[in-house]
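Some notes on the structure that comes next.
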Amino acid sequence: MRARGRLRVLGAGAVLGLLAACSGGGSGAAPRPTSSGDGEIIVASGLDVTGSDGVRQQLIHAWNLTAEGRKHPARLLELPGGADEQRSQLLGALQSGSSQYDVVNLDGTWIPEFAEAGLITPLDPQVKADPDVIPSVAATARWKGHTYALPFNSDVGLLYYRPDYLKAAGFDPDSYPAAGMKWSGLQTMIRQLDTVHAEGALPGYQRGWTSQLAAYEGLTVNTIEAFASAGVHLTDPDGHYTADPAQLKTGLDELRDRAGSEYTLRGALSSYEAQSLSDFTAGRTAFLRHWPYAYRLLPQSLGAGQWAVAPLPGDAVLGGQDLAVSAASPRAAYALELAKFLTDPKSESCLLQAGFAATRDSAYRTPPPACPYVSPPAGSSPSASPSASSGETSTMPRDGQNRPLYASGTLRTALTSAVQRPRTPYYGAFTQALQSVVHGWLADPDPPDTDQVARRLDTALRRALAGR
């Protein structure tokens, strides 16, 4: 691993600007940061899906080898639990005014909430608009005209499928799923798969597709994808509720059409990411809605010709995490320099090579910026290349630039057209309200009519998005 060249440290004038910016955009309840404190820069983050000693840890190590990193070393602290638990931990720590964390790796949907509460530092004018960052991704780091974070790694819904199953059902796996195909086209394919299975083929097959429909954020994502595909949007850019029961009924009808038992694996309503991936690799379903990191995991269980990936029919939701500087950090200037390092073009190339969705367009171009921080082991090749985990070899398909083979085409296309979840400081209340109504409705063997559910959901979302 090679050290990066010397980084520029913010001068006194820039530091004063950083401090002054802290008065904008939030309540100002958290202590104002200073930039002269010593000690480790602590980066709080969720689990790195690229494994132990994953690419995030290796990028932190690369920073520590630089001249500025030796002066102001950083340490990655991975928080336990799922996304909801991590959000609660970060909120509790930052609301207490604790300086335990200097950089927080936030889900893009959390930025408005943390910004509105004054828990993270506005980064403008120190951070300028960067045309290299994919526009849909860059928007996750902004709130009410201010930039509060730097996009670190992105995420987007994708459709994984079994080409061997499609071939057995008479489809050309090189032509299907077709580009721009709607959910109705996918359902046509599922009905044919069901027919072939009934005739004795595909012995492990149970239902056409599966996703993450348990009562957690995965259900919210699937619901927003269905709503957006039906033309239903819940909020305006400032987080104000804009839907009504008639629109919600349209969205719920679309979701019910997708998640109905005719097409969906029975266990989907209790499935998280791991279970849905396991069902797919076990052959119980032909289609899987999942995230980009599944691309590096699938070759561990399935052989060539048993899996492939395409854009999700209809709209796909944008995910991902952004690096923000804690408003209580006594090392704010150095924390910002670290965040810049972790999100620069070379680091984004490293993230993409490891299996994350990079936030910068340059990472998808040929040639991309070099990744000097994560060295592949000797003998690696485009067909058997290094994962981010130390000592682990991944058979993830790669192009000649050592990127995931699908990255410059399928993944980049999906990112650029992805839709946002509602941008609101009340996102936690919003997602809980949506999950409570929708999951109970989908799981009910004798559900009430959709009009009634739409009215109930309208009342719940109207209250949640008003902060009540």
Side-chain angles (χ1 to χ4, degrees), residues 49-50 154-169 171-183 185-190 192-193 202 204-214 218 221-222 225-226 229 258-259 263-265 267-268 271-320 352 355-357 387 394-399 403-415 417-418:
V49 296
T50 61
S154 195
D155 232 349
V156 67
L158 298 167
L159 181 71
Y160 294 89
Y161 62 97
R162 295 287 302 255
D164 52 340
Y165 281 19
L166 300 190
K167 188 174 181 179
F171 295 102
D172 178 0
D174 294 328
S175 302
Y176 293 92
M181 188 176 69
K182 304 298 184 184
W183 276 94
L186 192 70
Q187 290 163 345
T188 297
M189 297 177 71
I190 290 173
Q192 179 63 20
L193 285 162
L202 310 178
Y205 175 88
Q206 295 179 10
R207 285 290 189 278
W209 85 293
T210 193
S211 189
Q212 306 80 40
L213 299 176
V221 166
N222 277 269
E225 286 175 342
S229 298
R258 298 180 180 204
Y263 303 109
T264 308
L265 199 66
S271 286
Y272 295 77
E273 276 82 1
Q275 181 59 49
S276 62
L277 187 64
S278 177
D279 285 330
F280 180 73
T281 58
R284 289 186 277 271
T285 186
F287 297 102
L288 166 70
R289 183 249 177 252
H290 216 286
W291 302 103
Y293 77 85
Y295 192 88
R296 66 178 293 275
L297 298 178
L298 285 169
Q300 299 173 16
S301 303
L302 297 175
Q306 293 185 302
W307 68 281
V309 64
L312 197 66
D315 286 306
V317 155
L318 191 70
L352 182 59
F356 277 113
S387 77
S394 168
T395 54
M396 176 171 66
R398 295 180 181 268
D399 65 15
R403 300 172 297 197
L405 187 61
Y406 80 125
S408 62
T410 299
L411 178 56
R412 182 183 177 279
T413 298
L415 288 171
S417 60

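- Nearest heavy atoms, Val317 versus Glu225: N-OE2, 2.8 Å.
- Taking all atoms of both residues into account, the shortest heavy-atom contact from Gly319 to Ser154 is O-OG, 3.7 Å.
- No donor-acceptor distance shorter than 3.5 angstrom exists from the side chain of Gln206 to the backbone of Arg284, with no hydrogens or angles considered.
- Exactly one residue among Asp155, Leu415, Val309 makes a side-chain contact (heavy atoms from CB on, under 4.5 Å) with Pro292. That residue is Asp155.
- You'll find the side chain of Pro177 reaches within 4.5 Å of the side chain of Leu159, heavy atoms only.
- Not one N or O on the side chain of Ser278 forms a donor-acceptor pair closer than 3.5 Å with the backbone of Ala274.
- Under the 4.5 Å side-chain criterion, counting only non-hydrogen atoms from C-beta, Phe280 is in contact with Leu298.
- Remark: Tyr406 OH to Met396 CE distance equals 8.0 Å, nearest 0.5 Å.
- Between the side chain of Tyr165 and the backbone N or O of Gly283 there is at least one donor-acceptor pair closer than 3.5 Å.
- Few gaps surround CZ on Phe171; more than 12 heavy atoms of other groups in view lie less than 6.0 Å from it.
- When all heavy atoms of Ala268 and Thr210 are compared, the pair lying nearest together is CB-OG1, 3.6 Å.
- In this structure a side-chain-to-backbone donor-acceptor pair under 3.5 Å is missing from Thr410 to Ala310.
- The distance from atom CG of Leu158 to atom CG of Leu288, rounded to the nearest 0.5 Å, is 9.5 Å.
- Distance check: Trp209 CH2 to Thr285 OG1 gives 9.0 Å after rounding to the nearest 0.5 Å.
- Distance check, rounded to the nearest 0.5 Å: CE of Met181 to CH2 of Trp183 gives 8.5 Å.
- Here the closest heavy-atom approach between residue Val49 and residue Arg296 is recorded as O-NH1, 3.4 Å.
- No donor-acceptor distance shorter than 3.5 angstrom exists from the side chain of Gln306 to the backbone of Ser301, with no hydrogens or angles considered.
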### Task
Test Arg162 against Leu302 for side-chain contact (heavy atoms from CB on, under 4.5 Å), laying out the working first.
CA-CA 10 Å; Arg162 295 287 302 255; Leu302 297 175; 4.0 Å; yes
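- Proximity of Leu193 to Leu166: side-chain heavy atoms (C-beta onward) are separated by under 4.5 Å at one or more points.
- The structure places CZ of Arg258 at 4.0 Å from OG of Ser229, a figure rounded to the nearest 0.5 Å.
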#### Entry: CA sep, side-chain torsions, deciding dist, call: Val221, Trp291, side-chain contact (heavy atoms from CB on, under 4.5 Å)
CA-CA 11 Å; Val221 166; Trp291 302 103; 4.0 Å; yes
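- Formation of a donor-acceptor pair under 3.5 Å by the Ser276 side chain with backbone atoms of Glu273 is found in this model.
- Below 30°, between 30° and 60°, or above 60°: for Trp307 and Tyr160 the angle between ring planes is between 30° and 60°, a tilted geometry.
- Residues His290 and Leu277 are in side-chain contact: their nearest non-hydrogen atoms beyond the backbone lie under 4.5 Å apart.
- Distance CD1/Ile190 to CZ/Phe287: 6.0 Å, rounded to 0.5 Å.
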### Task
Assess whether side-chain hydrogen bond (donor to acceptor under 3.5 Å, both in side chains) is satisfied between Ser211 and Asn222, documenting all intermediate values.
CA-CA 8 Å; Ser211 189; Asn222 277 269; 2.7 Å; yes
